[in-house]
Amino acid sequence: MNTSDLLEKLLQAGQASMSQQGGSTAAPQGSSGGLGGLGGLLGGLLQGGSAGGAASGGGGLGGLGGLLGGLGGLGGLLGGSNSGSATQGRSGGANYAALASLGMMAFQAYQAWQSQQASAPQPALQTVDQLSGSQVDEHSHAILRALIAAAKADGKIDDQEQAMISAELARHTDEPELKAWLDSEVEKPLNASDFAEYANNPAIAAEIYLTSVMLVNDQQEDERSYLDELAVQLNIEPEFQVQLERQAKGQANA
């Protein structure tokens with residue numbers, strides 16, 4: 001399955017959606033960052049795709065439908081992280097510029113966290129922007145899983161919304177195996193422990209958590225609880241968790 005191509009298409013489409021909307025979209029209710037997340041990325045796709053007006057601003061759909069229509073775009077955030085020139089010298093960035101930008105954000109959060117530690121520096125993260133080939137696919141697979149899982153974190157997804165998201169994701173790939181996998185990921189119950197397998201890979205763990213923070217509204221109890229449990233399952237230190245959240249909300253240098 002080529003999840004890297006699919007994820008890059010989604011990220012690039014999110015950037016295009018942001019450009020068409022003048023570079024800004026609505027922020028999550030209660031969001032302190034105001035930069036939105038992957039929900040806006042998918043919301044922009046849904047507004048322009050076969051689901052059309054049903055997703056615009058939530059379109060009367062509760063839960064995930066409203067979330068997708070209301071959040072700001074990850075594309076705008078990645079576009080502001082210099083995904084072009086900043087990634088050309090890195091093997092991952094040459095082929096997947098938007099995806100590489102996400103990796104760079106995780107790496108920058110790690111560097112900021114490390115600079116605050118009194119202990120000896122840890123080995124540098126090998127985030128997706130520094131990788132190529134099958135290693136990029138491994139990271140992309142995990143990030144796409146995180147995107148889909150975080151969209152369920154408000155606990156309000158229903159069958160109609162599941163079908164809508166599955167159809168939109170599938171519209172961007174012709175691979176039957178990948179479409180079947182996407183359907184399975186959308187339909188499975190939310191469980192942060194599903195990501196425990198990545199606890200021994202700090203780079204993927206950081207990218208998963210960063211992606212999740214960009215999507216959910218961390219001011220809501222269910223979603224805040226999901227993020228905290230996800231961080232535990234990924235074995236992310238509390239201080240690093242805070243730094244990743246600051247990076248996601250554009251507050252890394254605040």
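Numbers for residues simply follow the sequence, beginning at 1.
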> Glu175: what forms a side-chain contact (heavy atoms from CB on, under 4.5 Å) with it, not counting sequence neighbours?
Replying inline: Met1, Asn2, Thr173, Leu178
>> If I take atom CD from residue Gln108 and atom CE from residue Met105, how far apart are they, to the nearest 0.5 angstrom?
In response: 7.5 Å
> Counting only N and O atoms by type, is there a donor-acceptor contact under 3.5 Å from the side chain of Gln243 to the main-chain atoms of Ala112?
Replying inline: no
> In chain order, what residues pass the side-chain contact (heavy atoms from CB on, under 4.5 Å) check against Ala149, with sequence neighbours excluded?
Replying inline: Leu190, Phe195, Tyr226
> Of the non-hydrogen atoms in Gln126 and His139, which two are nearest, and what is the gap between them?
Replying inline: O-CE1, 3.5 Å
>> Within a 6.0 Å radius of atom CD on Gln116, are there more than 12 heavy atoms belonging to other residues, nucleotides or ligands?
In response: yes
> For the residue pair Ala106 and Leu210, what are the closest heavy atoms and their distance?
Replying inline: N-CD2, 3.6 Å
>> Please evaluate residues Glu207 and Thr127 with respect to the criterion side chain to side chain contact (heavy atoms under 4.5 Å, CB included), reporting the C-alpha separation (whole Å), side-chain torsions for both, the decisive distance (0.1 Å), and the verdict.
In response: CA-CA 8 Å; Glu207 291 161 358; Thr127 46; 3.3 Å; yes
> Using 30° and 60° as the class limits, which term best fits the ring planes of Phe240 and Trp113: parallel, tilted or perpendicular?
Replying inline: parallel
> Atom OG1 of Thr211 and atom CD1 of Ile148: how far apart are they, to the nearest 0.5 Å?
Replying inline: 11.5 Å
>> I'd like to check Thr3 versus Ile143 (side-chain heavy atoms, cut-off strictly below 4.5 Å). Are they in contact?
In response: no
>> Using the rule given for salt bridge (charged side-chain N to carboxylate O under 4.0 Å, His left out), can you reason through Asp183 versus Lys179, listing the C-alpha separation, both sets of side-chain angles and the distance that settles it, and then say yes or no?
In response: CA-CA 6 Å; Asp183 285 342; Lys179 288 182 178 181; over 6 Å; no
> Can you name the nearest heavy-atom pair linking Ala205 to Ile236, along with the distance?
Replying inline: O-CD1, 3.7 Å
>> Could you measure the distance from the CG atom of Leu234 to the CD atom of Glu229? Nearest 0.5 Å is fine.
In response: 9.5 Å
>> Working to the nearest 0.5 angstrom, can you tell me the gap between Lys188 NZ and Asp194 CG?
In response: 5.0 Å
>> Checking Gln241 against Asp228 for the side chain to side chain contact (heavy atoms under 4.5 Å, CB included) test, could you report, in this order, the C-alpha distance in whole Å, the side-chain angles of both residues, the deciding distance, and whether it holds?
In response: CA-CA 9 Å; Gln241 178 185 5; Asp228 289 340; 3.0 Å; yes
>> If you compare all heavy atoms of Leu182 against all heavy atoms of Leu6, which two are closest, and at what distance to 0.1 Å?
In response: CD1-CD2, 3.7 Å
> Between atom CD of Gln130 and atom CG of Leu125, what is the distance when rounded to the nearest 0.5 Å?
Replying inline: 8.0 Å
> Are Leu102 and Met214 close enough that some pair of their side-chain heavy atoms sits under 4.5 Å apart?
Replying inline: yes
> Are Tyr198 and Val232 linked, directly or through other ILVMFWY residues, by side chains that come within less than 4.5 angstrom of each other?
Replying inline: no
>> Looking at every non-hydrogen atom in both residues, tell me the closest pair between Glu8 and Leu99 and how far apart they are.
In response: OE1-N, 3.0 Å
> Are Leu227 and Tyr209 close enough that some pair of their side-chain heavy atoms sits under 4.5 Å apart?
Replying inline: yes
> Counting distance only, does the side-chain N/O of Ser212 pair as donor-acceptor with the main-chain N or O of Ile208 below 3.5 Å?
Replying inline: yes
> CG of Asn191 to NZ of Lys152: how many Å apart, nearest 0.5 Å?
Replying inline: 10.0 Å
>> If you compare all heavy atoms of Ala100 against all heavy atoms of Val128, which two are closest, and at what distance to 0.1 Å?
In response: CA-CG1, 4.5 Å
